[in-house]
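Per chain, numbering begins at 1; letters A, B, ... match sequence-line order.
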Amino acid sequence: MIVDDRVLSEDFVPSEVVHRHDEVNRLSEAVEPLVSGGRPDPAFLFGPTGVGKTCIARYTLHRLGEQLPSVRVAYVNCWQEYTRFRVLYNLLETVGRAFDVHRSTAKDELFGRLRAADDAPIVAILDEVDQLEETEVLYDLNQLPHVSLVLIANREEELFAQFDDRVRSRFRAGTRVTFDRYGGDELVAILDERARQGLEPDVVGESQLRTIADAAAGDARVAIGILRSAAQRAHSRGDDRLTDDLLADAIPDARIAIRRETIEGLPDHQRTLYEVIDERGEIEPNELYETYEARVENPKTRRTVRNYLTKMAHYDLIAATGERRGRTYRVVEPLADAKPVDGR
DNA sequence: ATTCCACCGGAATAGCGGGATA
DNA sequence: TATCCCGCTATTCCGGTGGAAT
């Protein structure tokens, strides 16, 4: 049934892209100066989730790396690596100079090492860069002539709003590549390609791919997740084809499973907060805190809880409605935004 | 219209953990 | 071993704000 499950995984980079040729070309042009030993301006990739930004960045720069073996490509996801230290550490790691770096190494030691690693160009892909908390590191990196930046974020305005003036003015220049949502046909083509590589022939039919594509609402990540989930269920049952029933189960499952994993991965206090909000449906800040306070062993302070709440809102686990007085929190339903997309 | 105050979130500070250094 | 240094989290302090109360 499943031939190669990596093909169906989140971060698989295909050897050929099915769509997005324009976007690949734009990004290739942006980093083109590297071929002649020049220094590209920073490149920006903008667009909603699941439209192939990360995939295209990796694909394009992998291609460049084949053409120019000396170029080193580093990928950093700023969701996890949101401090200056962590970004620099990750860059050093791909350059192979992170040995004996530890928390107590001097403040500018990391940056100094990166500056010294100038024997070959480095392309730094900073994904989800709008999650970066210490944006000055972008300014610093931009100062290094051998480092080229590829920055990935959802929306340009929101990204630039977080920058301080120094960073903002430096990054006015640069190539912007924007990604639109996939249409139904495009998603079907992507799924078809993945199914051909990852599954045995005739496991899934054209109309089933269409069903998945409709449920995914233009989000390739969700679409591939549904296909993976359905294939895994069929696989463990010993079936050799996907049934429509199985697919119907897998569609809500794929979204909920992602959600459940995130919640289970939350630290205890944050999970308790989530549970309280979930139980009440809608709850005011003070009542939320008092319920939380009564429920846990060593409650954190109100300020810390506020930090947790903003963080969880950031993850799209909860949402707040209203400002200041009269504000309420509620959980975000993972299924709420599943809208079918027209097939064109 | 004015005052009140619940709530948010920025900034500074403290404390912990853990490797380095002497 | 004692001390230093630093990243990171939580805490303390506080100013700003807009809806509610008067």
Exercise. So does E29(A) pair up with R26(A), basic N to acidic O under 4.0 Å?
Worked result: no

Problem set entry | Salt bridge flag under 4.0 Å for residues E136(A) and R166(A) | no

Quick one: label [X] by what it contacts on the DNA or RNA (base, sugar-phosphate, nothing), any heavy atom closer than 4.0 Å.
X: Y289(A); answer: nothing
X: N286(A); answer: sugar-phosphate
X: R327(A); answer: sugar-phosphate

At less than 4.0 Å, is any side-chain N or O atom of [X] found next to OP1 or OP2 of [N]? Yes or no.
X: R86(A); N: dC8(C); value: yes
X: Y308(A); N: dC8(B); value: no
X: Y82(A); N: dT9(C); value: yes
X: R303(A); N: dG9(B); value: no
X: T301(A); N: dA10(C); value: no

Distance, rounded to the nearest Å, where [X] contributes [atom1] and [N] contributes [atom2]:
X: R325(A); N: dC7(B); atom1: CZ; atom2: C1'; answer: 9 Å
X: R302(A); N: dC5(B); atom1: CZ; atom2: C1'; answer: 13 Å
X: N307(A); N: dA12(B); atom1: CG; atom2: C1'; answer: 14 Å
X: E109(A); N: dG19(B); atom1: CD; atom2: P; answer: 18 Å
X: R324(A); N: dA21(C); atom1: CZ; atom2: C1'; answer: 18 Å
X: L110(A); N: dC8(C); atom1: CG; atom2: P; answer: 10 Å
X: L288(A); N: dC7(B); atom1: CG; atom2: C1'; answer: 13 Å
X: E133(A); N: dC8(C); atom1: CD; atom2: C1'; answer: 11 Å

For this session: Could you grab the distance from atom CD1 of I224(A) to atom OG of S229(A), nearest 0.5 Å is fine?
Result: 13.5 Å

Minimum heavy-atom distance [X]-[Y], with the two atoms named:
X: I56(A); Y: L27(A); value: O-CD2, 4.2 Å
X: M312(A); Y: Q270(A); value: CE-O, 3.4 Å
X: E81(A); Y: V87(A); value: O-CG2, 3.4 Å

Problem set entry | Beyond-backbone contact of V51(A) with D219(A), side-chain heavy atoms, under 4.5 angstrom | no

Exercise. According to a 3.5 Å limit on both distances, what stems of 3 or more consecutive Watson-Crick or G-U pairs are formed with DNA chain C?
Worked result: B:1-22 with C:1-22

Exercise. Any chance the side chains of D244(A) and Q208(A) put a donor and an acceptor closer than 3.5 Å?
Worked result: yes

Exercise. Is R306(A) side chain donor-acceptor paired with the dG9(B) base, going by distance under 3.5 Å alone?
Worked result: yes

Problem set entry | Closest to side chain of T304(A), choosing from dA20(B), dA10(C), dC8(C) | dA10(C)

